[in-house]
Amino acid sequence: MKVVVGHLYPDYLNIYADRGNMAVLAARAAWRGIELEVRGIGLGDRLVPGEHDLLYIGGGQDREQALIAPDFAGRATALEEALLGGAAALAVCGGYQLFGRYYRDRGGVELPGAGFFDLHTVAGERRMIGDVLLSCSLEPGVERTLAGFENHAGRTILGPSAEPLGRVVAGFGNDGESGYEGCRRGRALGTYLHGPLLPRNPWLADWLLAQALAHSTGGEPPELEPLPDDLEAAAHEVSAERAHERGGRFD
Amino acid sequence: MRLRLEIGLARLAGRLSRLAARGGGTTLPGKLLVAVDPGALATLAERLQHGAALVSATNGKTTTAAMTAEILGRRVRLAHNRAGANLVSGVASALLDADGAELGLFEVDEAAFPEVARRVRPRVVTLGNLFRDQLDRYGELELVAERWRHALASLPADTVAVVNADDPLVAGLARGRGAALRFGLDDPSVARERLPHAADSKYCVSCGTPYEYEAAYVGHLGAYRCPRGDDERPPLDVAARSISLEGLERSSFDLVTPQGTRRVTVGLPGLYNVYNAVAAAALSLTLGATLDEVAEGLARFRAAFGRFERIAVGDRTVLMLLVKNPAGANEAIRTLVDGGPPALALVALNDEIADGRDVSWIWDVDFEPLAASLERLVVSGSRAQELALRFKYGGLELDRLDVVPDLEAGLDRALKLAPPGSTVPVLPTYTAMLALRRVVADRGLVRPYWEREERFDELVGRAR
């Protein structure tokens, strides 16, 4: 079994330790005997729908984000074709914003997005910074938590057809008001949570791997062999505690 | 009259703080003074007959300022915030403490730099580097650079900017400024083969094209050039050439300056300390030191608090290397491993404000060269579990990993694992370092921290 991961703009978008997410995907695949290959997709490189089982895009500083945004927006059609074809995706922070329709900065200038998620983001006055805990249900009847850290000035507003990734238990979330965080469309997930996200939330790494395998084999997402995750659980617990103690909110 | 009364009261508060064993009293007096009279800092600074110099950077400001103090300290009486209290209140406290000081020498927090510059009106500012650091606290690099740019623009034209030419963002701040001195490294033989994973500022500040590097020394610092010709490293006024890194003990290099060239030895390892030494040299020369004074001062210099500091603990030695952001940690690890790959280490991660509450940066650190030689690793601190994951997913076998969140217990575990007579490298974040030093101090092995440095109380105070 083999999974091909397309890592979008790894040289530009890597501000919140995105390589931690990649390391977790690679290790958890390898421990189960699944081959995982990461292919970088840089400025001007081709994105061929069907080539990747999982697409990953991380966060960058404003400057780096602005450098790649036009290139990414130009791939909207290829991206949509890839994802509607069943590839999985994880978009974090700045990458999450770029998966939406646009990002409007404080001066009113709009940075175009790829528009795969029905959402847009508007620069806010105050940054939303802090530990955050979500509750999400990616499968009916299965409720799980995600613990991470958020740091964003943008307020993300979901459109009528958008489904959030999860409900905020503690922290700001998309806009600090709605009580929702992230966005989900099929096998594509977007979120502000970094930290990085996957090391302390290994169930999500496994969910993404299973979705990617489904795309790779053309079948259903397989049940993956469980791994000893004591350290991951301990880290999750500390991170969740932090969110309860000091997760952000507007007073 | 009013100011004198305020100063007296503020000093009294400092003594009380020390008497009450609440800490070092290195920030409280200044905090009170500034609260009572916001103009007091400027008034105090005006009394310095030789004016003041500020040092700011993401990494190396404490060491650069301490080196400069060593060079200049025999020539003029200094007001120097050597304890590392580097916000407005810390600078005010240092001024209060230094009766009859002739020259102010202040390391300044990156975010506090504009305000301190506005109030102190320095003669010289030294800007060392900008790396990604505690984004939850400082914000993005561009933002910090932009604030520095405004601060610099509002200072008089004869205020000298001593800037690191090897950092594109910092060098750009002095572009077009007459009163500027540019320092850097000029020895491709010690350059890295490629930029590290988490390199910042690697795209042209003018057009966004990736820079080409003739030599990359520390993170993104080096001899860069935009292939489209929109930017390049400016010519160096003060440079280090023929650099020789001598293990964990020292470095030496040719210090090339407008006043001539000297072979210089610094008793600190690592290329990043060569940057600190060249920065201190450029600053000292600007402030009137002779080349001989620079060379002698650097030769006398000993490690600043927690920066490659050796502490004897019974028959073992702790080698303390503060780590606080990817660039600094990468260089500490590189220097440590170059000096002989260790078989045992203690890494401690806290997530207080002074450490950064966002711990994701540890995933941007290249720990792998360290992990490669480790037979045993103790991870400690309030986020020890997160560190454990970092090393687990970095490929360290779990039977080599001890997770001991309590810092004192973690230190004892590492000391127990170390053979008698050996040295244990300890890599803590800021508050973990303070706590570990407190543990060792309580056992009577080092001086209390406020005799050397106090920044933690100040940061915690600010957060409230």
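Everything numeric here is computed off the predicted structure, so don't read it as measured data. Each chain gets a letter, A, B and so on, in the order the sequences are listed, and its residues count up from 1.
- Remark: E368(B) CD is packed, more than 12 non-hydrogen atoms of other residues, nucleotides or ligands lying under 6.0 Å away.
- Between S239(A) and R383(B), the shortest heavy-atom distance links the atoms CB-NH2, 3.8 Å.
- Rounding to the nearest 0.5 Å places OG1 of T209(B) at 9.0 Å from CG of L67(A).
- Nearest heavy-atom pair across L398(B) and L231(A) is CD2-CD1, 3.9 Å.
- The aromatic ring centres of F149(A) and W363(B) sit 6.0 Å or more apart.
- Contact annotation for L401(B): only side-chain heavy atoms (C-beta onward) come within less than 4.5 Å of a heavy atom of chain A.
- Heavy-atom distances place both the backbone and the side chain of L141(B) under 4.5 Å from chain A.
- When every heavy atom of A17(A) is checked against every heavy atom of S360(B), the shortest pair comes out as CB-O, 3.0 Å.
- The residue among G395(B), S382(B), P405(B) with the most heavy atom pairs within less than 4.5 Å of chain A is S382(B).
- Taking a 6.0 Å sphere around CD of E375(B), one finds it holds 12 or fewer heavy atoms contributed by other residues, nucleotides or ligands.
- Annotation: maximal heavy-atom pairing with chain A below 4.5 Å, among V359(B), L143(B), L387(B), D358(B), occurs at D358(B).
- Residues R357(B) and N151(A) bring no donor and acceptor atom of their side chains to less than 3.5 Å of each other.
- For the residue pair E386(B) and A235(A), the shortest heavy atom distance occurs at OE1-CB, 3.8 Å.
- Among the candidates E150(A), E237(A), E64(A), R127(A), the residue making the largest number of heavy-atom pairs closer than 4.5 Å to chain B is E64(A).
- Nearest heavy-atom pair across A23(A) and Y393(B) is O-CD2, 4.1 Å.
- Ring orientation note: the planes of Y12(A) and Y203(B) are close to parallel, at an angle under 30° on the 30°/60° scale.
- Ranked by heavy-atom pairs shorter than 4.5 Å toward chain B, the options D18(A), D131(A), D11(A), N21(A) are led by D11(A).
- Between E232(A) and K392(B), the closest side-chain pair of non-hydrogen atoms falls below 4.5 Å.
- Salt-bridge check for D351(B) with R246(A): passed, with a basic side-chain N closer than 4.0 Å to an acidic carboxylate O.
- Annotation for D200(B) and Q61(A): closest pair OD1-NE2, 4.3 Å, computed over non-hydrogen atoms.
- At a threshold of 4.0 Å, the pair D366(B)-R19(A) counts as salt-bridged, since one of the basic side-chain nitrogens sits closer than that to a carboxylate oxygen.
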